[in-house]
2 protein chains.
Amino acid sequence: MQLSEFVKEKRRLTGLTQPVLAEKAGVGLRFVRELEQGKETLRLDKVNQVLKLFGYEVGAIPANRKILTDEES
Amino acid sequence: MQLSEFVKEKRRLTGLTQPVLAEKAGVGLRFVRELEQGKETLRLDKVNQVLKLFGYEVGAIPANRKILTDEES
DNA sequence: TCATTTTATACCCTTTAGGGTATATTTTGA
DNA sequence: TCAAAATATACCCTAAAGGGTATAAAATGA
């Protein structure tokens with residue numbers, strides 16, 4: 001799963017809009033949009049600010065591996 | 001495990017020097033050093049170029065979760 | 001259907017990531 | 001011990017990340 005899809009899904013599951021997520025994460029609205037659209041040149045720290053809201057963070061995962069569910073983690 | 005430690009360990013296990021890793025990954029030497037020193041404002045795509053050499057990529061992992069071994073993945 | 005909400009696109013602007021390179025420091029092994 | 005290799009630090013420079021904002025398009029639901 002792409003980071004972009006992950007964020008989009010988590011955001012929707014929590015019922016947040018992009019502006020609200022941006023505000024809660026302390027990043028710009030522009031950033032949230034680029035993140036959800038799969039831009040690859042994002043800054044790591046900003047991505048982490050967003051993932052942290054969902055209890056996640058950026059890490060190294062084996063290539064082509066699916067994301068972990070909370071139960072598997 | 002931090003991304004920085006992960007890269008440093010993988011690099012040493014494969015017997016690469018920083019300059020060689022940088023060259024193989026297609027990033028600058030400066031970048032490899034900042035990555036291994038835990039700089040947080042790195043660009044996602046550059047980190048991915050490095051992780052890809054070891055068969056890994058950047059992904060969302062539950063916070064505080066240890067890295068997966070290849071067997072667990 | 002149509003107004004409201006949400007998301008996407010486009011622009012300007014400031015800050016800085018990261019490349020290169022030079023120098024200093026540390027590590028390593030002979 | 002000490003020369004060679006590896007790593008760390010410091011500098012300049014350019015491209016672009018990302019914030020803000022304005023506008024357009026799309027989605028939602030009453």
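Chain letters run A, B, ... following the sequence lines, proteins first and then strands; every chain starts at 1.
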Original post:
In whole Å, what is the span from the CD atom of E34(A) to the P atom of dA16(D)?
Top reply: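 These atoms are roughly 13 Å apart.
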Original post:
Is a side-chain donor or acceptor of Q49(A) paired with a backbone partner of G26(A) at a separation under 3.5 angstrom?
Top reply: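 A pair under 3.5 Å: yes.
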**OP:** For D45(B) and dA17(C), give me the distance from atom CG to atom C1', rounded to whole Å.
**Re:**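 Roughly 11 Å, once rounded to whole Å.
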Subject >> Phosphate contact (dA17(C) OP1 or OP2) by T41(B) side-chain N/O below 4.0 Å >> reply: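 Answer is yes, contact under 4.0 Å.
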**OP:** Select from E36(B) and L42(A) the residue whose nearest nucleotide in DNA chain D is closer to the 5' end of that strand.
**Re:**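 This one resolves to E36(B).
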**OP:** Answer yes or no: does a side-chain N or O of Q18(A) lie under 4.0 Å from OP1 or OP2 of dA8(C)?
**Re:**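 So the side chain of Q18(A) is within the cut-off, an N or O lying under 4.0 Å from OP1 or OP2 of dA8(C).
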**OP:** Please check the phosphate of dG19(D) (OP1 and OP2 only) for any side-chain N or O of K46(A) closer than 4.0 Å.
**Re:**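 For dG19(D), OP1/OP2 do have a side-chain N/O of K46(A) under 4.0 Å.
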Original post:
Can you check the L35(B) CG to dA17(C) C1' distance for me, whole Å?
Top reply: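 The answer, rounded to whole Å, is 13 Å.
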Subject >> Gap between atoms CZ and P, on F31(A) and dA8(C) respectively (whole Å) >> reply: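 My rounded result for the distance is 15 Å.
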**OP:** Find the distance E23(A):CD to dT21(D):P and express it as a whole number of Å.
**Re:**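 It is 14 Å, rounded to the nearest whole Å.
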Original post:
Can you find a side chain N or O atom of Q37(A) that sits less than 4.0 Å from OP1 or OP2 on dT9(C)?
Top reply: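 Indeed, a polar side-chain atom of Q37(A) lies that close.
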Subject >> Length of the CG-P vector between L44(A) and dG18(C), whole Å >> reply: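 Rounded to whole Å, this separation is 9 Å.
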**OP:** Classify the nucleic acid contact of R12(B) as base, sugar-phosphate or nothing, counting any heavy atom under 4.0 Å across all strands shown.
**Re:**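 R12(B): no heavy atom of the nucleic acid under 4.0 Å.
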Original post:
Do side-chain atoms of N48(A) reach the backbone of V58(A) as a donor and acceptor pair under 3.5 angstrom?
Top reply: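 The answer is yes, because a donor-acceptor pair under 3.5 Å joins these two groups.
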**OP:** Scan Q18(A), E23(A), K24(A) and name whichever one has a side chain to side chain contact (heavy atoms under 4.5 Å, CB included) with V20(A).
**Re:**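 Single pass found, and it is K24(A).
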Original post:
Looking at E40(B) and R43(A), does any basic side-chain N land under 4.0 Å from a carboxylate oxygen?
Top reply: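 So E40(B) does not pair with R43(A) through a salt bridge.
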Original post:
Separation of L29(B) atom CG from dA8(D) atom C1', in whole Å?
Top reply: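 Computing the L29(B):CG to dA8(D):C1' distance gives 10 Å.
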Original post:
Over how many whole Å does the gap from R43(A) atom CZ to dT14(C) atom P extend?
Top reply: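 That distance rounds to 18 Å.
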Original post:
Is there a donor and acceptor pair, one atom on the side chain of R30(A) and one on the base of dG20(D), closer than 3.5 Å?
Top reply: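 It does, because a donor-acceptor pair links the side chain of R30(A) to the base of dG20(D) below 3.5 Å.
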**OP:** Measure the spacing between CG of L35(B) and CG of L42(B) and express it to the nearest 0.5 Å.
**Re:**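 Here the interatomic distance stands at 6.0 Å.
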Original post:
Do the side chain of R33(A) and the base of dA8(C) come within less than 3.5 angstrom through a donor-acceptor pair of N or O atoms?
Top reply: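 Side chain to base: pair present.
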Subject >> Given DNA chain C, 5'-ward residue of the pair L16(A) and K39(B), judged by closest heavy atom >> reply: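 The answer here is L16(A).
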